[in-house]
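Encoded as structure tokens, the structure appears first; notes follow it.
Below, chain A is the first sequence line, B the second, and so on; all start at residue 1.
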Amino acid sequence: MRDGQIRVLIAKPGLDGHDRGAKVIARALRDAGFEVIYTGIRQTPQMIAAAALQEDVDVVGLSILSGAHMTLCPKVVELLHAQGQEDVLVLLGGIIPDEDAAQLKAAGVHAVFGPGTSSSEIIAFIRTAMAGG
Amino acid sequence: MPKPAPTQQLIDGLLKGDRLALARAISRVEDDAAEAARIVRGVFAQTGRAHLIGVTGAPGTGKSTLVSALAERYRAQGLTVGVLAVDPTSPFSGGALLGDRVRMTGHSGDAGVFIRSMATRRGTGGLARASADAMLLLDAGGFDRVIVETVGAGQAEIEIASVADTVVVVEAPGLGDEVQAIKAGLLEIADIFAVNKADRKGAGRTVAALEMMLETGGAAAQTVLHHGQRMEMEAAASEADAEEGWPIPVLETVAVSGRGVEQLRDALERHWAWLEGSGARSAREGRRFGHMLQTLIQAEVLARMERTLSPGLRSDLVEGMLRRQIDPYSAAAEMVKKLSG
Ligand code: B12
Ligand SMILES: Nc1nc2c(ncn2[C@@H]2O[C@H](COP(=O)(O)OP(=O)(O)OP(=O)(O)O)[C@@H](O)[C@H]2O)c(=O)[nH]1
Ligand SMILES: [Mg+2]
């Protein structure tokens, strides 16, 4: 656990333009006192991993509404681990069916948040995880 | 959570070009003053190689896009680039939304470009307190060019001049920029002007306005009557010119297409060579170190004050001021006396 501010990367992988959720979450986390690095749309897993490394983030948050989560998420997790960032908290939001969520959690995604999740729930989850819980 | 890496390991790693170590070292420097001291001590001897470039200008003029395009031009020459992109911390939440990176995509597969976003936290003047240290780390990490993008400068955010070798001021047409540049004091700190968004109407006028202001920086050339004779009087060179002899170029750029960016890079290279050749480089570096020292001493004195002075003293003095029994200057003197005594 570090004494400084919690740094979060919010990324939107995939080729679609559904960026509303990502922006809503980015702003909510800023307002909760986190430092949020927003990468914009159309990010490849490689771009996300490179940004996560250079920015030394504590949390990587992915927003996926396109249906491509089963290929994109495990790839991001794999790249993070390969570059020595096994300790980064990986969160996923968007349109994710329950059975996919279960599989992704087994593959190293720490939590999945669907439509209608309140920001405070997400903020509380991050705070608890960062406190070592 | 795993145990954090020992400081020495981060120092050794970043000096060897380990990018994760570099990234983590920058976080330490931001988060913790004692760690900053250890890390900077460990790398300082390896600094002084990189050309430190500051990019500033009003919000939305295209600084991030331009920095990204510039990095690309440097890469074309085989030079490596470290970027520090500073955005403001919200005074309400203490959080920050760092969005410069959105305009800096396209380097992700390239180990020769390293981009780091930084929130101002409690820093002033469009930079963070850790900005100067982070620049040292990027320098020590082996990057040939280190580019810092400040917060979109409103006014008088000229701190950048005391951390960079070369300052690029970015303007855009149609911002009422001629007035803005003067107000912000940006005219005095610019080594190079980039009039970005030159694809838009009015770029030529902005260039002309800037060039005119640069000429009148001292006093404009004018015709005067001298003992009844008409004479041309030379423009008095501005103080900066007299001191340094660098004619400040005003360049048009279109960051989104890359037009003019090569010329900007070339102007930066020329300035870098000129700094070296004229001796101005060490003068500027000396100023930079003086500034750093002052900042560190101020922080240390404040920290010592917090540690050593009884919390009651400050409130007693404030109480005295409320009753008009002691004035602010005497109260401050009282506190300083306690500190040194
Ligand atoms: C608005 C919308 C659009 C807008 C997008 C505007 C924008 N800039 O975002 C527009 C009209 C452009 C659009 C286009 C399309 N869309 Co659309 N769109 C939607 C819609 C109706 C709402 C999405 C939304 O913005 N919700 C509001 C935000 C705030 O909610 P959210 O993103 O879910 O985020 C919440 C959580 O998921 C979570 N969260 C999200 N991200 C993250 C990240 C982190 C880190 C965390 C912790 C949490 C988190 O927290 C948020 C707050 O609760 C959805 C249907 C739906 N009900 O979700 C379809 C939907 C996503 N779209 C869909 C489709 C198919 C399309 C199109 C392909 C349609 C077409 N044939 O042209 C195009 C794609 C165009 C393109 N190139 O991108 C499908 C996707 C199907 C799939 N997954 O298989 C959906 C599901 C509709 C459907 N039922 O068919 N769309
Ligand atoms: N037409 C045109 N648009 C440009 C140019 N350069 C940048 N832009 C656009 O201007 C907008 C702002 O660009 P940024 O690079 O984010 O500007 P910035 O100065 O870094 O902004 P802040 O960091 O918020 O102060 C974006 O939409 C860019 O695409 C240019 O040369 N021409
Ligand atoms: Mg910017």
Per side chain to side chain contact (heavy atoms under 4.5 Å, CB included), B:Y74 is matched among B:T80, B:I53, B:V113 by B:I53
Does the distance from a Lys or Arg side-chain N to an Asp or Glu carboxylate O, for [X] and [Y], drop under 4.0 Å?
X      : Y     : result
B:R28  : B:D32 : no
B:E72  : B:R75 : no
B:R129 : B:E30 : no

Which of residues 38-51 of chain A have a heavy atom under 4.5 Å from any heavy atom of chain B?
A:Y38, A:T39, A:G40, A:Q43, A:M47, A:A50, A:A51
If only side-chain N and O atoms count, and only distance matters, is there a donor-acceptor pair under 3.5 Å linking B:D144 with B:H51?
no
Under 4.5 Å heavy-atom distance to chain A, tell me which part of B:S117 shows up: side chain, backbone, both or neither.
both
For B:F92, which atoms come within 4.5 Å of any heavy atom of chain A: side chain, backbone, both, or neither?
neither
Most heavy-atom pairs under 4.5 angstrom with chain B, which of A:E86, A:R30, A:Q85, A:Q83?
A:R30
I'd like to know which of B:A119, B:A85, B:G106, B:A23 tops the heavy-atom pair count under 4.5 Å against chain A.
B:A23
Side chain A:D58, main chain A:R7, donor-acceptor under 3.5 Å
yes
Rounded to the nearest 0.5 Å, the NE2 atom of B:H291 sits from the CG atom of B:L296 at a distance of 9.5 Å
Where do B:R24 and A:D87 land on the salt bridge (Lys or Arg N to Asp or Glu O under 4.0 Å) test, with the steps shown first?
CA-CA 13 Å; B:R24 289 185 168 158; A:D87 50 337; 3.7 Å; yes
